[in-house]
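Down below is the structure, laid out as structure tokens.
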Amino acid sequence: MLRPVILTAAALLAACLAPLPAAGSTSLEQVPVTVDSSNQSGWWRPLDSFGGTDYFAYNAPAAAAGRHEVHIAARAADGTWRDGCLPDASGACVTYVDDVGHNQPSIVLDGEGVIHAFVSMHGDGWRYYRATRPGDVTSLAEASATLPDAGLGFTYPVTARGKDGSAYVLVRAHRDAAAVRDGRLYRFDTATHAWSRVAVVASGTNYSFYPDDLQVDAAGRVHVLWEWGPWPATTHRHLGSYAVFDPADGSWHDVTGAALTVPLAPGAGNTVVYQPYEDGETITSTSRAVQTAKLAVYGDRLAGIAYRYLTARSGSTFTGFDVRYASWDGAAWQRETVLARADHAVDNSATIGVTRAGAVTRIYFVAEAGGCGGVRSQVVRAERSGTGPWAFSPLGDVRQGLQRLRAQRSVNGTDLLYVTAPFTGGLWRATVPRDGQPGAGGPFSEIADRLLASGAGGLNVALNASVTVSSELRAGTEGGKAVDGLCSDDSRWISAEGDTTPSITVRLARAYPIGEIRVHSGYSKAPVPGTDVLRDFAVEAHTASGWQRVATITGNTAGTVRVPASVTASLTADQVRLSISDPSGNALDVARVYEIEVVTRG
């Protein structure tokens, strides 16, 4: 017989505060550095490749709280890494204030192998560093005075290398006295080693320009992608826009090749705006919006644009977005929904990437599930050949906390990815070959189920299992709510008033070796925290020998109770039951259970 363990409130608190096991990944190479928690934005360009070496820029922890250093790590062809920080005037590592939505690094190597870095600018003057030795991450020096338009503030630098070896940067420039934040493109000429402004790309009074991406095609033309918001700033943007600059003659063109005159105004026309307003949307809408976009350029032309589009306000600034793909068919923009948020119980975060090779298109994004154990995330690849259906594949493992990414197609035909999990300090380099069966993968529902079922330490086999309860408070508080993978006040099993000893039984699909049992209970708006959680209860498991008591919990005030693997080490069960003797410390004495998770061993 299994000996039950009695857990006191103090023991429960210690268990809840214990660190979660780290999720590993064999498909990603971890960069041997630690990133700062501010390394979070998904719309900058922190990676480049040149001469067989990959370069990864990142925010690193600084000694002072709320600040970060900026580093560049380089991986040589033989797999060795080298790291260097950007220096201040004294030669120490320069530090900047954390700003998760803005203060991120963008880099580019010019045709001579010189590293250019634009860092930590949010309405600030140029913060620009240039290497004094080609390819050397330890040789960068401050060089902001070499850039034009001194005196303006800049945000969102996005970079690219020209076919002739020049370097480009697209930024938003602040002219707030005129109620304008316009978009500007600059070029570094390797012949003169000087920067110049190419153009004010787009501008409008009471509008703000948001750079998204730069890509250079095989003919040397620079493809420019951006979106608009109301001046001075917003988290929800609109009018996704696209234009092409030809450095051969300094001309600008739309997607049809027709000439454009810059600066372009917001809503410059349907050959520029790939995502127009929809269903009453305006520049200030928060229920329909664009949020981050990337270009796929193949050969000498645009293949398509991947972006996030909000179709219904979810109550959060960054959630509720669909994944969309826009392409030009020769007569009009064709927009399709690759992944509809409404179809799944998981979300996707404010980061996206897209590549194209031959007929195969890949979109990279991060799926997120806000379960009771906190946010879990999974990097996902959506792939198709031609205009066929999209197939979805996970890249790496489910990780605790958010992830961000940047993707680009390498010269050898593989996709190179920068993946960061900033709250765990991790940064990974991923390479995804393009050989194999095009469109390999499956439906997104398989990834969604895996994400909802996964937690630190194993697979939750209780997800969507059959449930029996002693009572229910009302419609919408059924027992199935306790195994749906969600952790919100409107997704709980709540027992009926008068049921003084409520119980809930979870029937698993089969007998599983149990690694851990987690019980999440309570109410997020409890007047006194800890009073609405399960107070006294027993955790029981049904084994080949019948029902056995696994743990007895008394005096609980924690929202999450874990029966650890050390207790369940020899347990194989096909059912788990909570027998509750004291539902809560609240006057309305009912059981309130967000989720029961039964995590397998191995």
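This one's a predicted model, so the numbers in the text were calculated from it and none came from an experiment.
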Exercise. If you measure from the Lys or Arg side-chain nitrogens to the Asp or Glu carboxylate oxygens, is any gap between D54 and R429 under 4.0 Å?
Worked result: yes
For this session: Start with the C-alpha distance between T477 and R592, add both sets of side-chain angles, then the distance that settles side chain to side chain donor-acceptor pair (under 3.5 Å), and finish with yes or no.
Result: CA-CA 9 Å; T477 65; R592 302 168 177 86; over 6 Å; no
Exercise. What is the minimum heavy-atom distance between G353 and L405, and which atoms define it?
Worked result: N-CD1, 4.0 Å
For this session: Considering only NZ, NE, NH1 and NH2 on the basic side and carboxylate oxygens on the acidic side, decide whether K481 and E595 come within less than 4.0 Å.
Result: no
Problem set entry | Interatomic distance, N348 atom CG to Q378 atom CD [nearest 0.5 angstrom] | 13.0 Å
Exercise. Step by step, would you call Q548 with H542 a side chain to side chain donor-acceptor pair (under 3.5 Å)?
Worked result: CA-CA 6 Å; Q548 298 185 36; H542 188 265; over 6 Å; no
Problem set entry | Option from D532, V528, V533 for which side chain to side chain contact (heavy atoms under 4.5 Å, CB included) with N586 holds | D532
Exercise. Hey, would you say the W493 and Y594 ring centroids sit under 6.0 Å apart?
Worked result: no
Exercise. Would a 4.5 Å heavy-atom cut-off, applied to side chains only, mark Q403 and V379 as touching?
Worked result: yes
Exercise. Knowing that exactly one of R67, H68, Q104 qualifies, which makes a side-chain hydrogen bond (donor to acceptor under 3.5 Å, both in side chains) with S120?
Worked result: H68
For this session: Could you walk me through whether L459 and V599 pass side chain to side chain contact (heavy atoms under 4.5 Å, CB included), step by step?
Result: CA-CA 5 Å; L459 186 70; V599 181; 5.9 Å; no
Problem set entry | Nearest non-hydrogen partners of R535 and T531, listed with the distance | NH2-CA, 4.3 Å
For this session: Look at atom CD of Q30 and say whether more than 12 heavy atoms of other residues, nucleotides or ligands are closer to it than 6.0 Å.
Result: yes
Exercise. Do S471 side-chain atoms and A496 backbone N/O form a donor-acceptor pair below 3.5 Å?
Worked result: yes
Seminar exercise, completed: Tightest non-hydrogen contact, residues A350 and R308, listed as CA-NH1, 3.4 Å
Exercise. Nearest 0.5 Å, what's the OH-CD1 distance between Y512 and I514?
Worked result: 9.0 Å
Exercise. Under the side chain to side chain contact (heavy atoms under 4.5 Å, CB included) criterion, do E368 and S349 qualify, and how do the steps go?
Worked result: CA-CA 7 Å; E368 288 186 347; S349 62; 3.2 Å; yes
Seminar exercise, completed: The side chain to side chain donor-acceptor pair (under 3.5 Å) partners of Y309 (sequence neighbours excluded) come to E281
Problem set entry | Derivation and outcome, side chain to side chain contact (heavy atoms under 4.5 Å, CB included), residues T351 and T292 | CA-CA 7 Å; T351 185; T292 195; 5.9 Å; no
Exercise. In Å and rounded to the nearest 0.5 Å, what is the NE2 to OG1 distance from H71 to T138?
Worked result: 12.5 Å
For this session: Supply the atom-to-atom distance C93 SG to E69 CD, rounded to the nearest 0.5 angstrom.
Result: 4.0 Å
For this session: Please step through side chain to side chain donor-acceptor pair (under 3.5 Å) for the pair H102 and Y156, ending with a clear verdict.
Result: CA-CA 7 Å; H102 306 93; Y156 302 121; 3.2 Å; yes
For this session: Hey, could you give me the OG1/CG distance between T501 and D582, rounded to the nearest 0.5 Å?
Result: 11.5 Å
Exercise. Are K525 and D489 ion-paired here, with the side-chain N under 4.0 Å from a carboxylate O?
Worked result: yes
For this session: Identify the heavy atoms of P105 and N59 that sit nearest to each other, and give their distance.
Result: CD-OD1, 3.6 Å
For this session: Of all the heavy-atom pairs spanning T414 and P433, show the shortest one and how long it is.
Result: CG2-CA, 3.8 Å
Exercise. With distance as the sole criterion, is a donor-acceptor pair present between the side chains of R507 and T468 under 3.5 Å?
Worked result: yes
Exercise. Would you say the side chains of H122 and N103 form a donor-acceptor pair under 3.5 Å?
Worked result: no
Exercise. Quick check: does any side chain N or O of T420 sit under 3.5 Å from a backbone N or O of L427, one acting as donor and the other as acceptor?
Worked result: no
Exercise. Would a distance-only check, ignoring hydrogens and angles, find a side-chain to backbone donor-acceptor pair under 3.5 Å from Q291 to T235?
Worked result: yes
For this session: Please tell me if the side chains of E540 and V576 come closer than 4.5 Å, counting only heavy atoms from C-beta onward.
Result: no
For this session: Check the pair Y55, Y418 against side chain to side chain contact (heavy atoms under 4.5 Å, CB included), reporting the backbone distance first and the verdict last.
Result: CA-CA 10 Å; Y55 297 84; Y418 173 115; over 6 Å; no
For this session: Report yes if the side chains of I363 and Y307 come closer than 4.5 Å at any heavy-atom pair, otherwise no.
Result: no
Exercise. Side chains of Y364 and I352: closer than 4.5 Å at any heavy-atom pair?
Worked result: no
Problem set entry | T560 and R562, any side-chain heavy atoms less than 4.5 Å apart | yes
Problem set entry | NZ or CZ of R381 within 45° of W390 ring axis and under 6.0 Å | no
Problem set entry | No-hydrogen, no-angle side-chain donor-acceptor test under 3.5 Å, D484 and S491 | yes
Exercise. Hey, are the side chains of V33 and Y58 touching, using non-hydrogen atoms and a 4.5 Å cut-off?
Worked result: yes
Problem set entry | Donor-acceptor under 3.5 Å (R492 side chain, G522 main chain) | yes
For this session: Check for a donor-acceptor pair, side chain of D322 on one end and backbone N or O of R324 on the other, with a separation under 3.5 Å.
Result: no
Problem set entry | From CA spacing to verdict: salt bridge (charged side-chain N to carboxylate O under 4.0 Å, His left out), D347, R341 | CA-CA 6 Å; D347 220 302; R341 169 63 180 87; 2.8 Å; yes
Problem set entry | Heavy-atom check, side chain of L47 versus side chain of L417, under 4.5 Å | no
For this session: May I ask you to decide if I107's main-chain N or O and R45's side chain share a donor-acceptor pair within less than 3.5 Å?
Result: yes
Exercise. Does R237 offer a backbone N or O that forms a donor-acceptor pair with the side chain of T234 under 3.5 Å?
Worked result: no
Problem set entry | Carboxylate-amine/guanidinium proximity below 4.0 Å for E472 and R474 | no
Exercise. To the nearest 0.5 Å, how far apart are CD in E446 and OG in S393?
Worked result: 9.5 Å
Exercise. Charged N to carboxylate O under 4.0 angstrom, D415 versus R362?
Worked result: yes
Exercise. Considering all heavy atoms of both residues, which atom of Q40 and which atom of P422 are nearest to each other, and what is their separation?
Worked result: CG-CG, 3.6 Å
For this session: Compare all side-chain heavy atoms of S495 with those of V469 and state whether any distance is below 4.5 angstrom.
Result: no
Exercise. Which is it for S470 and D499 under the side chain to side chain donor-acceptor pair (under 3.5 Å) test, yes or no, and what are the steps along the way?
Worked result: CA-CA 8 Å; S470 58; D499 185 355; 2.6 Å; yes
